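Report on the structure given below.
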Amino acid sequence: MKIAFVGKGGSGKTTLSSLFIRSLAADGRPVVAVDADINQHLGAALGLSEGEAAALPALGAHLPLIKDYVRGSNPRIASAAAMIKTTPPGEGSRLLRVVEDNPVYEACARRVPLDGGEIRLMATGPFTEADLGVACYHSKVGAVELCLNHLVDGRDEYVVVDMTAGSDSFASGMFTRFDMTFLVAEPTRKGVSVYRQYKEYARDFGVALKVVGNKVQDETDLEFLRAEVGDDLLVTLSHSDWVRAMEKGRPAPFGELEPVNRAALESVKAAAERSYDDRDWARYTRQMVHFHLKNAESWGNAKTGADLAAQVDPSFVLGESAAVPQPG
């Protein structure tokens with residue numbers, strides 16, 4: 001399943017992402033975790049030192065390699081240079097799988113031992129001083145979008161993306177790439193404002209959305225979230241001494257997380273697992289094409305000097321049975 005965590009800055013989005021990933025790793029599930037937030041804190045939340053987190057390769061820096069690999073022998077794509085972040089796969093494209101070795105993972109992912117298991121961790125890379133005034137962070141997450149367009153995952157396989165904060169996720173079509181989106185909300189007016197934005201934007205695209213209440217201290221907080229969010233409220237998490245210790249660099253074994261918060265994570269995992277039954281690869285492919293055509297018309301054709309609509313393979317539907325050509 002492809003799972004996204006979103007929420008306003010400071011809501012605990014990255015912390016919840018890391019707890020979810022740890023829970024999956026403890027269960028022995030295959031996981032590809034992606035830090036797509038401008039602040040790049042997921043590595044640290046998963047227990048990496050500052051040096052280890054800083055040493056993670058930047059996906060954005062390997063975009064030419066990613067394009068060249070996933071292009072494969074697709075006859076509709078003249079060259080890797082003609083690809084943009086929304087280019088969809090077609091006959092001949094190479095697809096990425098959660099459990100495999102490939103040049104993209106070799107260059108862009110690092111294996112992280114975690115709670116008795118092991119995950120692959122990828123990061124877009126930080127917004128650097130050289131980018132100030134000349135670049136948009138969404139150009140960096142374009143590498144994530146291209147990978148997701150070409151990634152096939154099955155039941156019990158997970159791709160977990162810690163998204164950029166707030167409603168910035170809607171600056172690209174990446175928000176439609178997930179089986180389930182968990183929005184982390186604090187019991188405050190600001191906390192639920194991002195929920196309202198996300199709900200409104202996502203309505204027309206069939207985005208599955210559930211709210212995880214965080215920093216809930218009492219029944220008043222719970223009632224506030226219930227009133228503001230309604231049936232979209234899945235579960236809440238309370239104060240955690242385990243999380244506080246982790247944030248201070250003193251992580252305890254995951255099994256020592258408070259029982260009430262472990263139970264909340266089990267509810268989150270159950271919701272993620274149920275989303276597999278509603279998976280619609282045809283709709284997923286149509287949405288990829290929709291945003292590709294929009295980007296092509298808006299800026300892609302002018303940038304590449306090509307008609308990028310011609311990259312769309314009308315007979316291709318991404319899915320678990322799609323053929324994967326081997327490197328030539």
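For the single chain, residues carry numbers from 1 onward in sequence order. Heavy-atom basis, side chains included; hydrogens, waters and symmetry copies ignored. In this text, all values refer to a predicted model and were calculated from it rather than measured experimentally.
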(request) Report yes if some heavy atom in the side chain of T86 is under 4.5 Å from a heavy atom in the side chain of E145; otherwise report no. (result) yes
(message) I'd like to check L48 versus L121 (side-chain heavy atoms, cut-off strictly below 4.5 Å). Are they in contact?
(response) yes
(message) How about CD on Q217, more than 12 heavy atoms from neighbouring residues, nucleotides or ligands closer than 6.0 Å, or not?
(response) no
(message) Is it the case that the side chains of Y69 and N102 hold a donor-acceptor pair, with the cut-off being a distance below 3.5 Å and no angle test?
(response) no
(request) Please check if atom CD in E247 has more than 12 non-hydrogen atoms from other residues, nucleotides or ligands closer than 6.0 Å. (result) yes
(request) Please determine if R97 and E157 form a salt bridge, counting it only when a charged side-chain N lies under 4.0 Å from a carboxylate O. (result) no
(message) Nearest 0.5 Å, please: how far is NZ in K2 from CZ in R279?
(response) 5.0 Å
(request) Measure from the side-chain N and O atoms of Q311 to the backbone N and O of A82, and report whether any donor-acceptor pair falls under 3.5 Å. (result) yes
(message) Could you tell me if the side chain of L24 sits less than 4.5 Å from the side chain of F20, heavy atoms only?
(response) yes
(request) Would you name the heavy atoms of V192 and F224 that are closest together and state the gap between them? (result) CG1-CE2, 4.0 Å
(message) A side-chain contact here means heavy atoms from C-beta on lying under 4.5 Å apart; do L42 and I21 qualify?
(response) yes
(message) Less than 6.0 angstrom separating the ring centers of F175 and Y201, yes or no?
(response) no
(request) Would you mind reporting whether L151 and L318 have side-chain heavy atoms less than 4.5 Å apart? (result) no
(request) Would you indicate whether the side-chain heavy atoms of Q287 and R283 approach each other to under 4.5 Å? (result) yes
(message) To the nearest 0.5 Å, what is the distance between CG on L16 and OG on S23?
(response) 11.5 Å
(request) Run through the side-chain heavy atoms of Ile, Leu, Val, Met, Phe, Trp and Tyr, join any pair under 4.5 Å, and report what else lands in W299's cluster. (result) I84, L308
(request) Please report the shortest heavy-atom distance between A36 and V144, naming the atom on each side. (result) CB-CG2, 4.5 Å
(request) Inspect the contact between D101 and R120 and indicate whether a charged nitrogen and a carboxylate oxygen are less than 4.0 angstrom apart. (result) yes
